[in-house]
Amino acid sequence: MVAGGFGTGKTTMVGSVSEIVPLTTEETLTQATVGVDDLVGVADKKSTTVSLDFGRISLNEQLVLYLFGTPGQERFWFLWNGLFKGALGAVVLVDTRRLESSFRAIEEMERLEVPFVIALNLFPDAHNHPVEEVREALAISPQTPIVTCDARDRASSRDVLIALIRHIKERSVAALEPR
């Protein structure tokens with residue numbers, strides 16, 4: 001799963017890393033969204049996901065990773081419960097210019113007990129905050145990886161997914177260790 005707040009780059013990430021042309025449910029933002037969707041910090045945004053995005057990566061001939069990008073606006077959060085059933089893990093994309101837009105996604109990952117990594121999407125006009133400052137501002141435990149990325153870049157997005165897979169593997173190994 002690729003989750004996060006409104007305008008954090010979820011559709012962009014799925015599209016940059018998918019081996020197929022991604023299925024998107026992008027719709028044009030209209031005057032009807034004024035006062036409904038918070039466009040502060042994303043004033044140039046012209047479209048938004050209204051259901052989910054779908055992409056795919058074949059790891060080998062028998063193993064395929066399916067990518068699902070969630071909608072970021074609050075009015076579509078009710079979809080998240082169904083989207084996360086059976087998910088191995090999630091990437092929570094964060095725009096450091098608007099940290100508060102990712103609070104809900106982080107809360108949902110914790111509530112649903114989905115293993116996740118935080119990916120700081122480095123927008124060109126964003127200040128590059130030290131990872132530990134962001135960890136503190138988001139109240140993220142030291143066990144949750146935080147990585148930086150450019151969601152537009154295939155290799156960068158791939159590296160985020162690798163970090164997620166490593167995190168899932170580490171959590172699985174730790175769960176199997178005797179207590």
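Since the model is a prediction, treat every value here as computed from it, not as a measurement.
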Is Val21 reachable from Tyr66 through a run of I, L, V, M, F, W or Y residues, each pair having side-chain heavy atoms under 4.5 Å apart?
no
Quick check: does any side chain N or O of Arg98 sit under 3.5 Å from a backbone N or O of Phe6, one acting as donor and the other as acceptor?
yes
Here the pair of heavy atoms bringing Gln143 nearest to His167 is O-CE1, 3.2 Å
If you measure from the Lys or Arg side-chain nitrogens to the Asp or Glu carboxylate oxygens, is any gap between Asp53 and Lys10 under 4.0 Å?
no
Could you give me the CA-CA distance, side-chain angles and deciding distance for Arg152 and Ser16, then say whether side-chain contact (heavy atoms from CB on, under 4.5 Å) is met?
CA-CA 6 Å; Arg152 302 168 297 179; Ser16 75; 5.7 Å; no
Do Arg56 and Leu65 pass the side-chain contact (heavy atoms from CB on, under 4.5 Å) test, and can you show the C-alpha distance, the side-chain angles, and the key distance before you say yes or no?
CA-CA 6 Å; Arg56 183 185 75 206; Leu65 179 66; over 6 Å; no
I would like to know whether Leu67 and Ile57 meet side-chain contact (heavy atoms from CB on, under 4.5 Å); could you show each step before the answer?
CA-CA 8 Å; Leu67 304 168; Ile57 302 170; 3.9 Å; yes
Could you pull out all donor-acceptor pairs under 3.5 Å where a side-chain atom in residues 131-138 meets a protein atom, sequence neighbours excluded?
unit_1	atom_1	unit_2	atom_2	d
Glu132	OE1	Arg135	NE	3.3
Glu132	OE2	Arg135	NE	3.4
Arg135	NH1	Ser141	O	2.6
Arg135	NH1	Thr144	O	2.8
Arg135	NH2	Thr144	O	3.3

Is a donor on one side and an acceptor on the other found under 3.5 Å between the side chain of Ser18 and the backbone of Ile20?
yes
I'd like to know whether Ser156 forms a side-chain contact (heavy atoms from CB on, under 4.5 Å) with Met13, so could you lay out the CA-CA distance, the side-chain angles of the two residues, the decisive distance to 0.1 Å, and finally the verdict.
CA-CA 9 Å; Ser156 183; Met13 176 176 261; over 6 Å; no
Give a yes or no on whether Ile168 and Met1 share a hydrophobic cluster (residues Ile, Leu, Val, Met, Phe, Trp, Tyr; joining criterion: side-chain heavy atoms under 4.5 Å apart).
no
Same cluster or not: are Leu99 and Met109 linked, directly or through other Ile, Leu, Val, Met, Phe, Trp or Tyr residues, by side-chain heavy atoms under 4.5 angstrom apart?
yes
Arg166 side-chain N/O to Leu161 backbone N/O, donor-acceptor pair under 3.5 Å
no
Can you hop from Val91 to Phe116 via hydrophobic side chains spaced under 4.5 Å?
no
Distance from Thr8 atom OG1 to Asp95 atom CG, nearest 0.5 Å?
7.5 Å
Any donor and acceptor pair, going by atom type alone, linking the side chain of Thr148 with main-chain N or O of Ala119 inside 3.5 Å?
no
Test item: Asn121 side-chain N/O and Ala151 main-chain N/O as donor-acceptor pair under 3.5 Å:
yes
Smallest separation among heavy atoms of Val92 and Gly4, with atom names:
CG1-CA, 4.4 Å
Measure the OG-CD distance between Ser102 and Glu107 for me, rounded to the nearest 0.5 Å.
11.0 Å
Roughly how far, to the nearest 0.5 Å, is CG of Leu164 from CD1 of Ile118?
11.0 Å
Side-chain heavy atoms under 4.5 angstrom apart, residues restricted to Ile, Leu, Val, Met, Phe, Trp, Tyr: same cluster for Leu93 and Leu88?
yes
How far does CZ of Arg154 sit from CG of Asp159, to the nearest 0.5 angstrom?
11.5 Å
Quick one: CG on Leu120 to CG on Asp150, what's the gap to the nearest 0.5 Å?
12.5 Å
Nearest-0.5 Å distance that lies between atom CZ in Arg111 and atom CD1 in Ile106:
15.0 Å
